[in-house]
Number of protein chains: 2
Amino acid sequence: MPDHAHGSRADRLRDAGYKLTNARLTVLQVLEQSGGHITSTELLERVSAADPAIGRASVFRCLDLFTRLSFIRPTYIDNNVTPTYVLMPDGHHHHIICNACNRVIEFEECHLEALTKELEERLHVKLTGHLLEFYGLCENCCIEKAVTADE
Amino acid sequence: MPDHAHGSRADRLRDAGYKLTNARLTVLQVLEQSGGHITSTELLERVSAADPAIGRASVFRCLDLFTRLSFIRPTYIDNNVTPTYVLMPDGHHHHIICNACNRVIEFEECHLEALTKELEERLHVKLTGHLLEFYGLCENCCIEKAVTADE
DNA sequence: TGAGTTTAGAGAGTTTGTATCATGTTGAAT
DNA sequence: ATTCAACATGATACAAACTCTCTAAACTCA
């Protein structure tokens with residue numbers, strides 16, 4: 001079994017009652033090295049490269065599990081076939097998707113702590129994470145559109 | 001050609017340079033009658049019921065187009081196969097997804113106007129919509145978990 | 001009316017995710 | 001350390017979802 005960094009996500013996995021198996025730790029490691037955005041296809045390739053013994057089904061099982069634990073969240077960026085899984089480092093993630101070129105611009109601040117608390121109290125729910133997505137045009141595509149309109 | 005309500009979305013479609021075809025108007029109508037959440041499979045069925053002449057590919061082309069125009073946004077609720085498309089009535093939509101039972105709780109207020117404006121100015125982007133998703137446990141699932149932990 | 005452009009429909013083909021089940025691994029109790 | 005039961009895995013066949021390609025139709029504008 002290869003070396004694994006046993007970070008806080010592995011701890012959370014164990015604390016939630018799940019076993020720390022090779023497949024889960026490898027998938028977690030690949031996700032963490034992905035830079036925050038990865039599709040299932042890319043993930044399958046990289047997991048397979050890291051350990052060819054890990055099967056297809058296990059990778060998908062991990063994606064389900066990690067989604068339920070709010071480690072990641074599937075979202076659509078390029079097309080309607082493959083979701084992109086985004087890491088939610090502290091339980092949350094925020095980005096802007098350009099509707100013209102599909103570029104993703106990430107940003108940090110969301111100021112949603114107050115809303116989170118208010119919703120928890122009013123609706124009696126327990127919130128573990130959130131994803132905030134804005135849609136529109138990025139700087140380049142704004143300029144291109146303006147140029148085209150001038151012609 | 002069946003009757004269609006020519007609301008503001010049809011206007012936006014035309015204003016963006018797209019033709020108001022029967023397929024597009026029918027898909028739009030079904031989406032608007034869907035109550036805000038619909039999967040591609042359900043949409044295909046209902047469009048087919050409304051007008052059997054409309055083909056599969058056209059429905060998916062509409063979903064792509066309407067997503068680019070921020071009429072709708074695909075998101076994962078139940079599983080990793082079929083996304084659910086949510087209507088974004090005024091360009092935005094907000095909900096809570098229960099990680100245990102997949103129930104969706106919608107809420108209205110998001111207080112994101114200020115952040116939208118700030119991002120537009122700072123990053124020189126033009127934002128047309130947003131989706132805010134919270135994840136966690138709904139009231140019922142909170143209770144069940146507490147009961148299980150007591151045993 | 002006629003040329004050019006956009007859009008549609010059909011259906012096969014590709015890709016992505018799932019179900020099943022026998023086997024292997026994990027973690028805890030002894 | 002050893003053992004055991006529950007949990008998790010891997011292989012593969014299967015099913016579902018989405019796309020591609022091509023031809024035909026509809027719409028636009030002169």
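The figures here come from the full heavy-atom set of this structure, side chains too, leaving out hydrogens, waters and symmetry mates. Keep in mind it's a predicted model, so treat the numbers as computed, not measured. A, B, ... follow the sequence lines: proteins, then strands. Residue 1 opens every chain.
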Rounding to an integer number of Å, can you tell me how far [X] [atom1] sits from [N] [atom2]?
X: B:Glu45; N: D:dA16; atom1: CD; atom2: C1'; value: 13 Å
X: B:Phe60; N: D:dA16; atom1: CZ; atom2: C1'; value: 10 Å
X: B:Leu20; N: C:dT6; atom1: CG; atom2: P; value: 16 Å
X: A:Leu44; N: D:dA11; atom1: CG; atom2: P; value: 13 Å
X: B:Asp51; N: C:dA10; atom1: CG; atom2: P; value: 10 Å
X: B:Leu43; N: D:dC18; atom1: CG; atom2: P; value: 11 Å
X: A:Leu63; N: C:dT18; atom1: CG; atom2: C1'; value: 13 Å
X: A:Asp11; N: C:dG27; atom1: CG; atom2: C1'; value: 16 Å

Residue set satisfying side-chain hydrogen bond (donor to acceptor under 3.5 Å, both in side chains) with A:Arg56, at least two apart, ordered chain then number -> none

State which residues pass side-chain hydrogen bond (donor to acceptor under 3.5 Å, both in side chains) with B:Glu106; sequence neighbours excluded, sorted by chain then number.
B:His37

Using C1' atoms of five pairs at each end, report the bend of the helix from C:dT1-D:dA30 to C:dT30-D:dA1 rounded to 10 degrees.
50°

Please list all pairs passing the salt bridge (charged side-chain N to carboxylate O under 4.0 Å, His left out) test where one or both residues lie in residues 110-134 of chain A, with sequence neighbours left out.
A:Glu118-A:Arg122, A:Glu120-A:Lys126, A:Arg122-B:Glu109, A:Glu133-B:Arg73

Protein and nucleotides 6-10 of chain D: nitrogen or oxygen contacts under 3.5 angstrom:
residue: D:dA6; atom: N3; partner: A:Lys19; partner atom: NZ; Å: 3.4
residue: D:dC7; atom: O4'; partner: A:Lys19; partner atom: NZ; Å: 3.3
residue: D:dA8; atom: OP1; partner: A:Arg24; partner atom: NH1; Å: 3.0
residue: D:dA8; atom: OP1; partner: A:Arg24; partner atom: NH2; Å: 3.3
residue: D:dA8; atom: O5'; partner: A:Arg24; partner atom: NH2; Å: 3.4
residue: D:dT9; atom: OP1; partner: A:Thr21; partner atom: OG1; Å: 2.7
residue: D:dG10; atom: OP1; partner: A:Ala53; partner atom: O; Å: 3.1
residue: D:dG10; atom: OP2; partner: A:Gly55; partner atom: N; Å: 3.2
residue: D:dG10; atom: OP2; partner: A:Ser58; partner atom: OG; Å: 2.5
residue: D:dG10; atom: O5'; partner: A:Ala53; partner atom: O; Å: 3.4
residue: D:dG10; atom: N7; partner: A:Arg61; partner atom: NH2; Å: 2.7

Quick one: closest heavy-atom pair of A:Cys138 and B:Val125, and the distance?
CA-CG1, 3.9 Å

So, using ring-ring contact (aromatic ring centres under 6.0 Å, His included) as the criterion, who are the partners of B:Tyr135 when residues are at least two apart?
none

Is B:Thr82 near enough to D:dA17 that one of its side-chain N or O atoms lies under 4.0 angstrom from OP1 or OP2?
yes

Would one find a side-chain N or O of A:Thr41 under 4.0 angstrom from OP1 or OP2 of C:dT15?
no

Are the charged groups of A:Arg14 and A:Asp11 less than 4.0 angstrom apart, N to O?
yes

Over 60° means perpendicular and under 30° means parallel, so tell me whether B:Phe134 and B:Phe107 are parallel, tilted or perpendicular.
tilted

Exactly one of B:Tyr85, B:Phe60, B:Phe71 clears ring pair (Phe, Tyr, Trp, His ring centres under 6.0 Å) with B:Phe66, and that residue is B:Phe71

A:His93 side chain vs A:Leu131 backbone, donor-acceptor pair below 3.5 Å:
no

